[in-house]
A.B. asks: 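I'd like to ask some things about the structure below.
Predicted model only: the values in this text are computed from it and were never measured. Residues take their numbers from the sequence shown, with the count starting at 1.
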Amino acid sequence: MRQFAHAPTPQTAIDPNAPMRSERDTLATLWPYLWTYKWRVMLALGFMVGAKLANVGVPLLLKNLVDRLAPNAASPQALLVVPAGLLLGYGLLRLSTSLFTELRELVFAKATEGAARSISLKVFGHLHALSLRFHLERQTGGMTRDIERGTRAVHSLISYSLYSIVPTLIEVTLVLTLLATKFDMAFAWITLVALVFYVAFTVTVTQWRTRFRREMNELDSKAHSRAIDSLLNYETVKYFNNEAFEARRYDEALERLRAVGVKTQQTLSLLNAGQQAIIAVGLICMLWRATQGVVEGRMTVGDLVMVNAFMIQLYIPLGFLGVIYREIKQALVDLDKMFTLMEREREIADAPDAKPLLLKGPPAVRFDHVQFAYDPARPILHDVSFEIPAGQTVAVVGPSGSGKSTLARLLYRFYDVQGGRVTVHGHDIKGLAQDSLRRHIGIVPQDTVLFNDTVAYNIAYGRPEATHEQVVQAAQAARIHDFISSTPKGYETMVGERGLKLSGGEKQRVAIARTLLKDPPILVFDEATSALDSANERAIQAELAAVAKGKTVLVIAHRLSTIVHAHEILVMEHGHIIERGTHPHLLAQDGRYAQMWRLQQAGGEQVA
């Protein structure tokens, strides 16, 4: 096992047992993204008010139309002319309602999409800024699911609140005012009491149901993570004939998800039934009161029709209030998960006064009494000190677990040392901007992972602005140009997810090519030729030696024949440097290095 593998067991992106932030905090985080489009927000609200005013005017016109059509209401001529005008007005009001609604959505679409884009981009950038430890502990499937739901929640929250809740509140206010002024207060009180009961019941039950939805989300993320993890490791599953085992694990996750899903649906049915019962009681009371008014002569038939139309218009959106409120609560839960992810503190952050690293040539790199542990209970490096002089090569060898690869991760500042310091050109890297530090370092890792894109894209990743000719030159230097040219699509050949369409040696040569293309003053070769055959290794070693001239190079190796020309060789064991010197000097000492050399020369077991 490599050193960085001793991290805690992977967890989901966000701890499901962590306390949720308040909904006010979530909305407060969202608001600045929307307020960027404040003029669109204000214009959309204006259109929304206009739509509701037109909507409330419809029952009023309907009342006048019915009253005008009463047999004793007017002359025969009026019975023909007046209703025609009212019918025209009725149609125009209906059209205005739809027109204002569409204008509201058209105006506000840019704000909604813009806010979702800004939030998604910020989360994406923040995830790349988090430490290596976070990315070793997270599960990609669950985290991407959280981000996907959070982005969708932005649309849902804005849509349901601006397009449903706020318009309904405006309409309720207008209807209550009309009922109280045109008739007696009993109509307003009946409507208000029904609304209070409806809202109280909806909020109470939905609050109770939220925990089931949150649990369902967590189980959904876990099931998704399990499926993604299994599919990404397709070959391993096949190697060990564990298809049935993976199916059982996935089915267990799906069964837990199903159980919570059934419970969620049961509580939803209870919520819907209770809401409809409250609506029905309120509607019966209103129509009974209006019918009494018509019988007693206090109200006209048109008034009865108007009250009925008001109630229908009012209770249709209220009928969806439970769904809307539930979706808003769910959107807040999803948004909270994404904002919590976005606000996760960076373990390795630039100091407020961090300076850019400016180099005119290869710098000296120094590890000065470095102490480090991934886990405090298990120290990795113990008082490690060495220097790579400017333009020279230092190689590190030793058995697995000795801390070799940890040196490269500390130099990249994926982690911060717990004692001592690492300096580049005399500057403590803790005081340097990480971006500028990493721009000056190139690495060829032992475990090469490629993007699911073309060969050209993966090589050019070392310097995205490079020309195609420069990409080809890098490929030639890495001895992979002939292989690429022999494929039907050449440099446009897709490498597959994680580069699985290429052999280990081919992937490693692509990694070498993109590092050569980057051409930084500091190079790290972490067992850079371990996947190559002897002939290709010797050829590429010559290329790497040529490229390394005039650069500061750290080589982590297990084949000792590849580092015999290093200016200094360090032998590490259990986090300590136990020997150091040139190849001839270490052989002459006849210590651990000499023992390793004899084993490899005899074709015995290789170290690391």
A.B. asks: Parallel, tilted or perpendicular: which fits the ring planes of F372 and Y415, with parallel below 30° and perpendicular above 60°?
C.D. replies: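 Tilted, since the angle between the ring planes falls between 30° and 60°.
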A.B. asks: Can E573 and S402 be counted as having a side-chain donor-acceptor contact under 3.5 angstrom?
C.D. replies: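 No - no donor-acceptor pair under 3.5 Å links their side chains.
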A.B. asks: Show your reasoning for whether side-chain hydrogen bond (donor to acceptor under 3.5 Å, both in side chains) applies to Y374 and T406.
C.D. replies: CA-CA 10 Å; Y374 295 103; T406 299; 2.9 Å; yes
A.B. asks: Can you list everything that forms a side-chain contact (heavy atoms from CB on, under 4.5 Å) with H583? Sequence neighbours excluded, please.
C.D. replies: V564, I569, L587, Y593, W597
A.B. asks: Are Y250 and H224 linked by a side-chain donor-acceptor pair shorter than 3.5 Å?
C.D. replies: no
A.B. asks: Does any part of the side chain of M572, heavy atoms only, come nearer than 4.5 Å to the side chain of V397, both counted from C-beta?
C.D. replies: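 No, side chains not in contact.
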A.B. asks: List the residues meeting salt bridge (Lys or Arg N to Asp or Glu O under 4.0 Å) with E243, not counting sequence neighbours, and say none if there are none.
C.D. replies: K238
A.B. asks: R580 pairs by side-chain contact (heavy atoms from CB on, under 4.5 Å) with which of L570, V571, V396?
C.D. replies: L570
A.B. asks: Within the side chain of T515, is there an N or O that forms a donor-acceptor pair under 3.5 Å with the backbone of A511?
C.D. replies: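 Yes, because the side chain of T515 sits within donor-acceptor range (under 3.5 Å) of the backbone of A511.
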A.B. asks: When rounded to the nearest 0.5 angstrom, what is the spacing between CD1 in I443 and CD1 in I512?
C.D. replies: 12.5 Å
A.B. asks: Is it the case that more than 12 heavy atoms not belonging to H565 sit under 6.0 Å from its NE2 atom?
C.D. replies: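 12 or below, so no.
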A.B. asks: Could you check if a side-chain atom of P521 sits within less than 4.5 angstrom of a side-chain atom of K551, using non-hydrogen atoms only?
C.D. replies: no
A.B. asks: Which heavy-atom pair separates I522 from L411 by the least distance, and what is that distance?
C.D. replies: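 Residues I522 and L411, closest heavy atoms: CG2-CD2, 4.3 Å.
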A.B. asks: Say you draw a straight line from CD1 of I577 to NE2 of H382; how long is it, rounded to the nearest 0.5 Å?
C.D. replies: 12.0 Å
A.B. asks: Any chance you could measure E252, atom CD, to L257, atom CG, to the nearest 0.5 Å?
C.D. replies: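 So the CD of E252 and the CG of L257 are separated by 13.5 Å.
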A.B. asks: Please examine the side chains of K518 and R514, heavy atoms only from C-beta on, and report whether any two atoms are closer than 4.5 Å.
C.D. replies: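 No; the side chains remain at least 4.5 Å from each other.
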A.B. asks: Going by the rule side-chain contact (heavy atoms from CB on, under 4.5 Å), which residues pair with F483 if we only count those two or more places apart in sequence or in a different chain?
C.D. replies: I480, S486, T487, L502, E506
A.B. asks: Does any N or O in the side chain of H567 come within less than 3.5 Å of the main-chain N or O of T393, such that one atom is a donor and the other an acceptor?
C.D. replies: yes
A.B. asks: In Å and rounded to the nearest 0.5 Å, what is the NE2 to NE2 distance from H574 to H576?
C.D. replies: 8.5 Å
